[in-house]
Every structure is written in structure tokens, then in C-alpha cells.
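Here is the structure we will look at.
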Amino acid sequence: MQQSLGNFFSEYIGKKSIFKNKAIIQSTHLPVTLLHRDEQINTLAQILAPTLRNEKPSNVFLYGKSGTGKTVTVRYVIQELEKITSSKNIPLKIVYINCKLKRVADTEYRLLAELNRAFNTSIPATGLPTDEVYRIFVHSVQKENKAIILVLDEIDQLVKKIGDGFLYSLTRLNESTQGNTISIVGVSNDLVFMDLLDSRIKSSLSEEEIIFPPYNALQIQDILIARTIEAFREGTIEEGVIEKTAAYAAREHGDARRALELLRVAAEIAERNGFTNISTRHIDEAEEKIERDRVIEILATQPKQFQAALYSILTHPSKNNSKLYTGDIYELYRHICKRTGLKPLTQRRISDILGELDTLGIINARIISKGRYGRTREIVLATPSTLTPKIRRILEESLEI
DNA sequence: CGAGATTCATGTGAAGTATACCTTTAGGCTTAA
DNA sequence: AAGCCTAAAGGTATACTTCACATGAATCTCGTA
């Protein structure tokens with residue numbers, strides 16, 4: 001056994017890797033040139049350029065569905081901007097925050113705390129008044145004495161959750177930081193997100209807007225080819241793989257990030273199974289694996305109560321696939337709490353939790369009215385049924401059932 | 001038969017509570033002069 | 001006397017509970033044709 005492991009390792013070294021440079025297709029990689037986004041890059045650069053002359057640039061909003069290159073464009077422009085500012089000693093600081101990450105920036109307070117962290121000021125998780133945290137932030141800004149560009153990625157998530165008040169506070173911050181301007185670059189996946197905003201905020205925040213249209217299949221192919229040339233050894237990609245990947249991605253509103261991920265995971269699968277080439281079959285496997293990993297990742301990081309609620313949905317004895325309703329779930333949930341020693345929450349709270357599980361995309365919880373028989377959420381699992389046993393095992397383990 | 005009232009099961013908003021954690025402050029102790 | 005530590009006081013954010021009211025179509029009621 002151990003002998004063969006040694007063989008395995010030495011063989012592993014001897015084997016030629018499919019990858020030439022794996023980092024190229026990892027999601028953190030920032031390519032040297034961005035394809036098919038010249039217009040957006042130029043516009044954004046023009047908007048932000050005034051910082052180079054110590055003038056406050058307009059606030060900008062970037063729209064576009066996921067994987068249309070928003071984040072990468074921002075990162076690219078930021079990088080170039082920072083190169084200039086640091087070489088010419090222009091006082092500018094750029095802060096990038098992803099609002100989607102739970103527990104990092106999903107309330108106003110936590111966003112502020114994160115902002116302060118960017119200025120190397122640590123803020124306790126609780127205990128301070130929010131306006132105190134604002135004051136600390138203003139103080140840090142003045143101490144650094146630089147113009148600030150604040151990039152808020154996935155800002156729509158945050159606004160949906162806690163409203164738009166914080167945006168108002170942020171724009172007003174300019175009045176209290178004498179001389180040091182703060183500009184906001186908002187990035188949103190939601191195209192109609194603006195409608196949720198208060199009109200005052202809307203006008204001050206979206207002085208400029210940049211739209212990111214989805215890539216079409218050909219553009220995705222371009223992107224994939226450009227990356228694969230650098231990332232993979234020559235001839236490791238079989239005929240039709242690129243096309244198939246692009247087609248998959250185009251089906252999902254032209255999501256380039258997804259396409260690249262698909263390709264990377266496919267390569268990993270191929271390599272692990274001892275293939276020297278990536279074939280279309282690996283793409284299919286990759287698609288499955290990505291979905292699996294995503295669900296499992298979400299699951300594992302959920303609080304116990306969420307897991308218990310989900311477990312109720314999963315194990316509810318609704319034989320003939322009949323629809324599940326909040327009441328049914330809650331009843332079973334209480335049972336599960338009793339068995340696991342978990343303190344049962346109220347139905348009110350479970351109602352909210354079901355809503356959150358819905359936004360996480362693990363379940364579909366549609367609110368319906370059954371007329372005479374009341375109003376409730378109609379709940380269906382949103383995960384592929386092949387995953388159910390696995391999810392179940394994970395939950396059972398975590399809940400110690 | 002059809003318009004309007006009723007009904008159910010739960011959605012939803014607001015206000016209150018428990019918990020965990022923060023800063024400030026005051027008192028007591030130690031230390032150095 | 002100054003400095004430091006500790007504990008209590010006073011305050012906050014967050015997750016949750018409690019209370020009260022809102023929702024909306026199936027069903028019921030009852031006047032009318």
C-alpha cells in the first residue's frame with residue numbers, strides 16, 4: 001500500500017501535466033489584455049482619470065450579469081491607475097469590497113468595519129455605535145490624506161438586504177472629510193437594481209453608468225482560446241471542447257467566468273483520472289462537479305438552524321412529490337430540533353430562514369395563496385436530485401443525527 | 001348565477017428581548033521617587 | 001503621586017421573539033334573475 005503510494009508520487013512527477021500555467025485560468029487571474037471590453041475599459045478610465053489631477057471623479061455604476069467582465073474590468077483599470085499613481089506619487093487610495101460575502105459585508109456596520117480594515121484599523125464585531133465607526137473611518141481617511149475610490153462589488157445584494165441608507169451616508173461623507181474626496185464605483189449584477197434606490201441617491205450615485213452586455217458565444221470562444229494558449233500545454237484540448245464550453249456558457253447569458261471555471265475543472269478532472277487530454281466528456285463532468293461543490297460549500301457554511309430547516313425540507317415524507325408548505329416544514333423542523341437538542345426557533349424566524357435559503361438558490365420558495373386554505377410558501381428543492389443523498393449525509397453529520 | 005364577504009395559513013413589519021461584546025470610569029493595588 | 005489592572009456601568013449590533021396586522025384567492029352567502 002505505502003509502497004505503491006511512493007510509486008504514485010514518482011509517476012506523478014514523471015507525468016506531463018495538462019497545465020502549462022494553471023494560474024492563468026484561475027478566477028483570481030487578471031489577464032494582461034481583456035478581450036471585447038475595450039469600450040467599457042476606456043469609459044471607466046476616462047471617468048476615473050480626474051483623480052490623477054486631484055479632482056474628484058464622478059461616481060460610476062457598472063451593470064451587467066455575472067461573468068460579463070465587470071469585476072475584471074474594474075480590477076484592470078484599478079491596477080493601471082495604481083501603477084501611475086504610485087510612480088507619480090499621486091495621493092490616491094482604492095478600496096475594493098465585495099458586498100456579497102456573508103459575514104464580511106452584509107450589514108452597514110460590517111461594511112464600515114471592512115472599510116476600516118482597508119485602512120488597517122480593526123473594528124470589533126459588535127459593541128460600537130455605527131456612527132462612531134463612520135467617525136473612525138473619516139478619521140482614517142484624513143490621516144491618510146488621499147483621495148478615495150471605493151469599489152463596491154455586488155452592491156445590489158447589500159441594498160436588497162439592508163436598504164439604501166448606507167449609500168446616502170457614504171455619499172455624504174464627502175462633506176465631512178475636508179479635501180479628501182470619496183468616489184464610489186458600484187458594481188451590480190441586477191439590471192433593474194436602480195429602481196430600488198431613493199431618487200436622491202440615484203442621482204448622486206449614478207452620475208455615470210457603464211453597461212456590460214453578455215458575451216456572445218464567439219466572444220467567449222475568443223476568451224477561452226486566449227487563455228488556453230497560455231494555460232494549457234499544446235494539444236491537450238481535444239476537438240470541440242472549446243466550442244462546447246462556450247455553448248454551455250452562452251446558454252447561461254454568456255457567463256465567461258463560468259466558462260473558464262468549467263474548463264479549469266474539466267482539466268483537473270482529466271488530469272486526476274490520468275488522461276493527457278481534455279475531452280468533451282470532462283466538460284460534462286466538470287459542470288456536475290461545479291454545481292456539487294457550490295451547493296456543498298454553501299451548505300457547510302450555513303448556521304445550524306439553517307441546516308436543520310433544510311434537513312426538514314430534504315427528509316419530509318412527501319411521498320408523491322407533493323408540494324411542501326411552511327407549516328409542514330416547521331412541524332418537522334421542531335421534531336428535528338428535539339432529536340438534535342437544538343433550540344427550536346419560532347415559525348416567524350423559520351419563515352425568514354426559508355426566504356434566505358431561497359435567495360441562496362438552494363431551494364425555491366414561492367409565495368402562493370391557496371385561497372380558502374391560506375397563504376404560504378411553496379417549497380421545492382433547487383438542487384439536482386442526484387445530489388440529495390450527499391447533501392443529506394453532510395447535514396446529518398453536521399447536525400449529529 | 002355572480003358580487004361581495006369570509007376564511008385560512010402564513011406573510012410581514014415593528015417593537016421588544018437576550019446575548020455577546022465594546023468603551024469608559026472608578027476604585028484599589030503596585031511601583032518608583 | 002503616578003501608573004496599571006480589574007470590575008462595574010452604560011452602551012451597541014445582531015439574532016431572535018412577540019405582537020399585531022396584512023394578504024389574496026378559494027369558498028361561502030345571499031340577493032337577484
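Just the heavy atoms: all of them, side chains too, but no hydrogens, waters or symmetry mates, feed the values below. Each chain gets a letter, A, B and so on, in the order the sequences are listed, and its residues count up from 1.
Distance from the side chain of A:Thr107 is smallest to C:dT14 among C:dT14, C:dT12, C:dA25. Of the listed nucleotides (B:dC22, C:dC16, C:dA26), C:dC16 has the atom at the smallest distance from the side chain of A:Gln305. Looking at the side chain of A:Ile367, the nearest of the listed nucleotides C:dT12, B:dG11, B:dC22 is B:dG11. The side chain of A:Gln347 sits closest to B:dT10 out of C:dT27, C:dT14, B:dT10.
Whole-Å rounding puts the A:Tyr333 OH to C:dC16 P distance at 9 Å. If you measure from atom CG of A:Asp352 to atom C1' of B:dT12, you get 8 Å, rounded to the nearest angstrom. Look at CZ on A:Arg349: it is 17 Å from C1' on C:dC19, rounded to the nearest Å. As a whole-Å value, the separation of A:Arg348 CZ from B:dG13 P is 8 Å. With rounding to whole Å, A:Leu112 atom CG is found 14 Å from C:dT12 atom C1'. Rounded to an integer number of Å, the gap from CG of A:Asp131 to C1' of C:dA13 is 12 Å. In this structure, the CZ atom of A:Arg366 is 16 Å from the P atom of B:dT10, given to the nearest Å. One atom, CG of A:Leu345, and another, P of C:dT14, lie 18 Å apart when rounded to the nearest Å.
Closest-nucleotide positions on DNA chain B for A:Gly371 and A:Arg377 were compared, and the one nearer the 5' end corresponds to A:Gly371.
With hydrogens and angles ignored, no donor-acceptor pair under 3.5 angstrom links the side chain of A:Arg372 to the base of C:dG24. For C:dT23, its base sits under 3.5 Å from the side chain of A:Arg375 at one donor and acceptor pair at least.
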task: Begin with the C-alpha distance, continue with both residues' side-chain angles, and end with the deciding distance and a verdict on salt bridge (Lys or Arg N to Asp or Glu O under 4.0 Å) for A:Arg251 and A:Glu287.
output: CA-CA 13 Å; A:Arg251 198 183 56 192; A:Glu287 174 157 56; 3.4 Å; yes

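A donor atom on one side chain and an acceptor atom on the other are not found under 3.5 Å apart for A:Glu378 and A:Tyr325. Side-chain N/O atoms of A:Ser66 and A:Asn189 include no donor and acceptor closer than 3.5 Å. Counted by atom type alone, A:Ser398 and A:Gln307 present one or more donor-acceptor pairs between their side chains at under 3.5 Å.
Between B:dG11 and A:Thr326, a contact under 4.0 Å exists linking OP1 or OP2 to a side-chain N or O. In terms of phosphate contacts, A:Thr346 brings no side-chain nitrogen or oxygen within less than 4.0 Å of OP1 or OP2 of C:dT18. Under 4.0 angstrom from either OP1 or OP2 of B:dC22 there lies no side-chain N or O belonging to A:Thr126.
Between A:Lys65 and A:Glu252 there is no salt bridge, since none of the side-chain N atoms of the basic residue sits less than 4.0 Å from a carboxylate O of the acidic one.
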